[in-house]
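Single-structure report; data block below.
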Amino acid sequence: MTTRRVRRRTCRDKGKGKEVVEDGRAVEAGSSPPRDWAPAGDGDGGGEAVAGEAVDWTLLPDDTVLQLFGRLSYRDRASLGATCQTWRGLGSSPCLWSTLDLRAHRCDAEVASSLASRCGGLQRLRLRGHEAAVAVASALGARDLREVVAEGCRGLTDATLAVLAARHEALESLQIGPDPLERISSDAVRHVALCCSRLRRLHLSGLREVDSDAIGALARYCPLLEDVALLDCGTVDEAALGDIHSLRFLSIAGCYNVKWATASASWAQLPLLVAVDVSRTDVSPNAVARLISHSKTLELICALNCKFVEEEQAHSPTAFSNSKGKLVLTITCPIFKSLASLFPGEAVEEHGVFNECNWRNKRKILGVMMNWLEWVLSQSLLRIAECNPYGMDDFWLQQGTSMLLSLVKSSQEDVQERAATTIATFVVIDDETANVDAARSEAVMRDGGIPLLLDLARCSRVSAQSEAAKAIANLSVNAKVAKVVADEGGIAIFTNLAKSTNRLVAEEAAGGLWNLSVGEEHKAAIAAAGGIKALVDLIFRWPAGTDGVLERAAGALANLAADDKCSLEVAKAGGVHALVTLARSCKLEGVLEQAARALANLAAHGDNNNNNAAVGQEAGALEALVQLTCSQNEGVRQEAAGALWNLSFDDRNREAIAAAGGVEALVSLAQQCLNASEGLQERAAGALWGLSVSESNSIAIGQEGGVAPLLTMAQSEVEDVHETAAGALWNLAFYSSNAHRIVEEGGVPILVHLCSSSGSKMARFMSALALAYMFDGRMDEAAIVGTSSEGSSKGVNVEGARRMALKHIETFVLTFSDPQVFSMAAASSAPAALSQVAEAVFIQEAGHLRCSGAEIGRFIAMLRNPTPVLRACAAFALLQFSIPGGRHATHHADLLQNVGAARVLRAAAAATSASIEAKVFARIVLRNLEHHQAGTST
C-alpha cells in the first residue's frame, strides 16, 4: 500500500511576554565553580588540574580565593568552602556576605537558618516571594541590614512586614514590588515608620490604601526619609505627603485616585522636593503648572503616558515651555534633549545623558536625581510596555528604544535588568502566536542593542543573564535580528547559558535557541556549538521543572530535528530517550505538544537515517503517542497524530502502533476532529493513511468506522486535508470490504468531485485511483448493499455510480492529454517525443508515493481490463511511479520487472482498442523500465 510522510514543521517559542515566575529567580554571582577546579575528596584542598598537572589549591593567595568565592552563588560558595579548613574560613569572610541575593533558589526557614551564622554583617539583601520574606524575617538574624529589595511578594502580609521591620531597625532602604501588595494595609506602613527611624527610601507597589495616619507616621518617625514611591496604589492621602519635609523624590506613578488640586498645593510647599513622578496617572495640566510655578526647589516632573498632559501639549506645544528651569518629561517631548539642558555649558551628547561620567563630578543632588530618574523611567517604561497602550509606536521608535538601551548601560543593576525585561516585552505583539513588532525589534538592532544585551547576558549576575536572554530570545523571532544575534556570537552564549544550574537562565536560553533554530541557516551552528547536547541535558536536569524550561528545550529540539544532519545529532545526544520520557511521564500540555512534534520530525527523514525505527524501538514511545491522541489539548493530539503518521512508514512501527490500539484511537480521533483545526484533520487522516498500508490495518480501519470521517474530510475546502483523506481512501479502496463501505457511505460522488474539481493534482490523482480500484471488477457488485450493516436502506445505484466514476476518471486522464502532441508521440519512434509527453504529464509529488507489489500487480491487471478508461488510468499511474528521478522509481521498476510487466505493457501499447493516451503512457512506462535496466547494468 502507499503512503507518504507528514511535512517536517519548524515553529518558534510562544508565550514570550513579561513573565511572572515562581519563587527562586536569580543569584547575584555566577552559578557554578570554575570548570577546571577539581577539589580532592580528602579535605586537604589538593587536587588535579584539567590538564593533569598536580596543583595545591591551598597555596593560592587569599585574595585570589576571595575573588573566586565572590563569583559564586551563596550555595556554591558554601559548597566550595566545605572542601578544606582553609577555604572554610575564607568562605565565611564578612566581605563576601555584605550583600546577598536569594532570588535564585527557594528560600525557607531552614535555608535562612543555615545562612544566619555568616550574615552578621549583612547589609544588602535581595529576595523573591513572600515565603522568602517570612523566612528572612524570622530566621536570618541580620541585625545590621541596611537595604531590602523584595520581588514577587504578592502574598506578603501585615504581620510579616511588621516582623521584618521590627527585627531590622537599621533599615535605610525598603523596596517591595512590582507585584501588588494587596494584603498590606496602612497599619503595616505605620509599623515600618515606628521601627525604622533611619529609613531614607521607601518603595511600595499596589497597596489598596495608604492613609494619612501611615504617611503621618513616616513624617514624624523617619526624619531622614527622602525618597518615597507609592506605585499603582488604590488611594494615597496626597495632602499628608506634604508633611514629609525631608522628601526630595516622590513617585506616585499609576495612582488614579489623586485629588490633584490638593496634591499640587501641598507638594509645592515641600522645602527640599527636587523631582516628582506622576507617570501613568490622570494628572491635570493645571496641577503640573501649579507645581512649576509654586515650588521653589523642584527641578523635574516626570509625566510619561499622562493623557491630559499629552492632550494639552498637542493643543499647545509651548504649554510648559515657561517652566522656570524646571523640566517636564512626557512621551511627546524630546526627553534626551530636555535632559541635556541639565548640563549647561557642556558638550553632552543627547543620548549620553544617562552616562554617569557626565554628572559624576557635578552637583551631588544632580547625580542622585539622575539615578532616581533612571529608576522611575525603568518602572514606568516596563508598565507601559506591559499594557501596550494604543498610539505608542512613535514614542518607542523615536526615543523609547534608545532610552531603554541607555538604561541597559545603567550602573544600577535593577535598572539594567528592568530595561532588558522591558525590551523583551515591548517587542511582542501577541504572546500566543509569538509575533513581534518588526519595526521595534529592528530599532533595537539598529541602535546597537544586540551586542549590548549579549554583553549583559555574559555577566556573572544570574538575574541579568535571565532578563537579557529573554530579551534576545524575543528579538530573535525577527529573522533579520536573529542573523545579527548569530553573527555576534549569540548561539554560543545561549548554549553556555543553557548549561546554567539556574532554572530561569536555562529556560530563557532554551527559548533563545528555540527561536534561532527556526532559521535553517542557524541549525548547523547550534549543533556545532553543542546546543543540541545542552538542550537534551536540560530535559534530564529538570525532570520536575515547570513547563517553561521543558517546553522550550523540546521545542528547540523539534526545530533542530527537522534538519537531516541535526536529527542525527539529536538521536546521538540521547534526544530520543529524553523526548519519549517527556511524552510518557510529563503532564504539561505545552511540553507534550513539543515533545510529540520533535518525535514527528525525528521520524520524518525516511531513508536518510534510522531515527524512525529508533523512535519506534524506544520503550513505551508508540504507546505514549497513541495515548496522546486522546489528549484534551488539540495541539497535543495534532502533533501525536503527526508523529504516528511518520512512524507508520516503518513496517515494524506500523504493526506495533496497531497493536498498541492505534487503529481504534486514530479512527476515534478522526471522528471527533471534523470541526477541529485543519492541521489536526490532516494529521488524523495521514496517520490512518499510514496505518492502512497493511491489509489487516486497512480492514480494521473500515470495521472501526474510519471510512465516514475520511469521506467528510475529503470534502474539506482545504487542499492539505482533502488530499490526505484521498490518499487514505485510495489505500482503503484496495480491499473489497472497504470499497463496499465507500460506495454505501456515498463516497463515489465525493471522490468524483475531488477528481474533477480539486486544485491539488495529487488529490485528483489519488481520487481517480481509488475510483479505479472500486470499479475494476474485483468488487462483487451483487454484494455491495448486503455488506452494509444498514442493509438495503441506502439504496445505492451501483451501476450509476460505476458510470459516473469511469466518466470522471476518463476526464481526469484527458486533462493531461494534448491531441497534437500525443498524435506525434504515437506516430514517432524518437525518444524525444515520449520525453516531451512524460515531462508534461508528470506529477512531481507522486514521486514520493511508494506502492507495494500487490498494487503494482493490480495496475498490471488493469492494463488487461476490457474497459479502456481503466487501462488508460493504470498506464498513467505506472508512468507516475516509474519515471526516472522519482524517490521510489527504482523500487517500482523492480516490482514491474518481477511480474513481467514489459509483455503486458507492449500489448497495451499495441492494442487497437486502446485510447491514444493509454498507448503513449504504456510506451513511456516501457521506456522508463529500459532506463532503469540500463542504469542497473552499468
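Fair warning: this is a prediction, and the values are worked out from it, not measured in the lab. Worth knowing before you read on, the calculation uses all heavy atoms, side chains too, and leaves out hydrogens, waters and symmetry mates.
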In terms of side-chain geometry, is the basic nitrogen of Lys523 or Glu520 positioned less than 4.0 Å from the acidic oxygen of its partner?
-> yes

Give a yes-or-no answer on whether the side chains of Gln715 and His722 include a donor-acceptor pair shorter than 3.5 Å.
-> no

Check for a donor-acceptor pair, side chain of Gln638 on one end and backbone N or O of Leu680 on the other, with a separation under 3.5 Å.
-> yes

Side chains of Glu664 and Ser668, donor plus acceptor under 3.5 Å = no

With distance as the sole criterion, is a donor-acceptor pair present between the side chains of Ser758 and Glu719 under 3.5 Å?
-> no

Between Glu744 and Arg741, is there a side-chain N and carboxylate O pair less than 4.0 Å apart?
-> no

So, the side chain of His605 versus the backbone of Ala561: is there a donor-acceptor pair under 3.5 Å, distance only?
-> yes

So how far is it from Glu855 CD to Leu849 CG, rounded to the nearest 0.5 Å?
-> 9.0 Å

CA sep, side-chain torsions, deciding dist, call: Lys470, Glu467, salt bridge (charged side-chain N to carboxylate O under 4.0 Å, His left out) = CA-CA 5 Å; Lys470 181 190 302 180; Glu467 299 306 331; 3.5 Å; yes

If we ignore angles and hydrogens, is there a donor and acceptor under 3.5 Å between the side chains of Ser567 and Asp564?
-> no

Does any donor atom in the side chain of Ser476 or Asn515 lie under 3.5 Å from an acceptor atom in the other side chain?
-> no

State, with a plain yes or no, whether a side-chain heavy atom of Glu634 is found less than 4.5 Å away from one of Ser677.
-> yes

Is it true that Arg503 and Glu507 have a side-chain N and a carboxylate O under 4.0 angstrom from each other?
-> yes

Can you name the residues that form a side chain to side chain donor-acceptor pair (under 3.5 Å) with Asp651, not counting sequence neighbours?
-> Arg654

Using 30° and 60° as the class limits, which term best fits the ring planes of Trp730 and Phe881: parallel, tilted or perpendicular?
-> parallel

